[in-house]
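Data first, discussion second: the structure below is written as structure tokens.
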Amino acid sequence: MLKIADLGQFVIDGDEEGIIDHVNLLIEAKTDPIAIINEGLLSGMNVVGEKFKNGDMFVPEVLMAARAMNAGMAIVKPLIADQDMPSLGTIVIGTVKGDLHDIGKNLVVMMLESAGFKVVDLGIDAKVEQFVAAVKEHKADIIGMSAMLTTTMTYMQEVIKACQDEGLSVKYLVGGAPLSPAYSEKLGAIYAADASGAVDTAKALTA
Ligand code: B1M
């Protein structure tokens, strides 16, 4: 008999077709959609996060897992009233102004969404005004900023200053190859080295 917990392995294997088939079967069997998310899809993604952190899974596999998980979420989400959707918090995220690198940021977005955060993705070349407007509109808990160039990471300071000037109560999560924990601390932000670190940090910031 098909069990919800079996879904986790399909996520870990990045088996999008398997996920789609089994989520549909579980729905036909009148399984609670929230349980499908929490006990199946999210629990699989938690394992992926751990494996990625320990070096047992690599970027392409994590991307496949996140894609498979999102395919399952796409089936289940319409069955759940918005207020029942499990959400750990809202994160506005972007690669900062002048910077076009988005592979790592997209991975962070997928992992955050898979973990249960609502993510507002501003894309690349994201400017101060976009961050400020999105935080206000979506009542975000966290701003996530990614930078891959030494010349663009300094822009994070401008975003933080603008939010402080606006009196916004928001926390800052930053990452990208040129960042370091020490530099991030100087900014008043928390650093995450990779996508699973970003999930752990975001969870700690919204706990
Ligand atoms: Co660019 N590039 N690039 N590039 N590029 C780097 C970053 C560089 C290190 C290459 C090098 O010289 N060795 C170098 C930066 C040097 C520096 O400033 N220190 C560089 C340069 C110089 C440039 C250009 C200036 C080149 C030129 O035109 N002369 C130019 C700049 C364009 C611009 O942004 N304005 C440029 C352009 C490009 C491409 C467009 C060709 C392409 C980007 C395509 C895209 O992203 N859509 C590109 C690429 C692919 C790279 C490299 C090769 C790979 C980056 C990548 O995707 N890594 C990179 C060299 C390298 O890193 N080996 C390089 C894989 C990705 C999964 O890792 O992005 O580190 P990463 O993300 C990780 C973590 O950093 C972390 O989690 C992610 C997942 O684990 N993380 C976060 C990232 N964001 C986070 C946010 C968080 C938390 C964690 O919280 C919010």
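As the structure lists them, so they are numbered: ligands from 1, and atoms in each ligand from 1.
Here the shortest heavy-atom distance to atom 76 (C) of ligand 1, taken over Gly104, Ser184, Ala193, Gly175, belongs to Ala193. Of the candidates Gly94, Ala192, Ala147, Ala192 brings a heavy atom nearest to atom 89 (C) of ligand 1.
Under 4.0 angstrom from ligand 1, there are no non-hydrogen atoms of Thr151.
Less than 4.0 angstrom separates some heavy atom of Met145 from each of these atoms of ligand 1: 86 (C), 91 (C). When each atom of ligand 1 is checked for a heavy atom of Phe52 under 4.0 Å away, the hits are 80 (O). The contact set between ligand 1 and Asp102, taken as ligand atoms under 4.0 Å from a residue heavy atom, comprises 45 (C), 46 (O), 47 (N). Atoms of ligand 1 found under 4.0 Å from any heavy atom of Ala177 (numbered from 1 in listed order, with element): 75 (O). Those atoms of ligand 1 with a heavy atom of Gly144 less than 4.0 angstrom away are 91 (C). The atoms of ligand 1 that sit less than 4.0 Å from any heavy atom of Val108 are 77 (O), 82 (C), 85 (C), 89 (C). Each of the atoms 77 (O), 79 (C), 80 (O) of ligand 1 lies under 4.0 Å from some heavy atom of Ala195. Counting the atoms of ligand 1 from 1 in the order shown, those under 4.0 Å from a heavy atom of Asp99 are 34 (O).
Note on Asp125 versus Lys127: salt bridge recorded, some NZ/NE/NH1/NH2 to OD/OE distance being below 4.0 Å. One finds a salt bridge joining Lys136 and Glu166 here, because a Lys/Arg side-chain nitrogen approaches an Asp/Glu carboxylate oxygen to under 4.0 Å.
Taking Asp200 as the reference, Lys53 meet the side-chain contact (heavy atoms from CB on, under 4.5 Å) condition, with sequence neighbours excluded.
Polar contact with ligand 1: present for Ser146 (N/O pair, distance under 3.5 Å).
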Distance-only donor-acceptor hits, side chain of residues 186-194, under 3.5 Å, sequence neighbours excluded:
residue: Asp194; atom: OD1; partner: Ser196; partner atom: N; Å: 3.4
residue: Asp194; atom: OD1; partner: Ser196; partner atom: OG; Å: 3.4
residue: Asp194; atom: OD1; partner: Gly197; partner atom: N; Å: 2.8

Candidate pair Val96 and Met156, rule side chain to side chain contact (heavy atoms under 4.5 Å, CB included), full reasoning: CA-CA 7 Å; Val96 296; Met156 292 176 176; 4.0 Å; yes
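Residue, atom and distance of the protein heavy atom nearest to atom 65 (C) of ligand 1 are Ile103 CG2, 4.4 Å.
Atoms of the protein (N, O or S only) found under 2.8 Å from atom 1 (Co) of ligand 1 are His101 NE2.
Listed by first then second residue, pairs satisfying salt bridge (charged side-chain N to carboxylate O under 4.0 Å, His left out) with a partner in residues 138-163 read Lys161-Asp165, not counting sequence neighbours.
Atom 28 (O) of ligand 1 is not flagged as protein-proximal [any protein heavy atom, distance under 4.0 Å].
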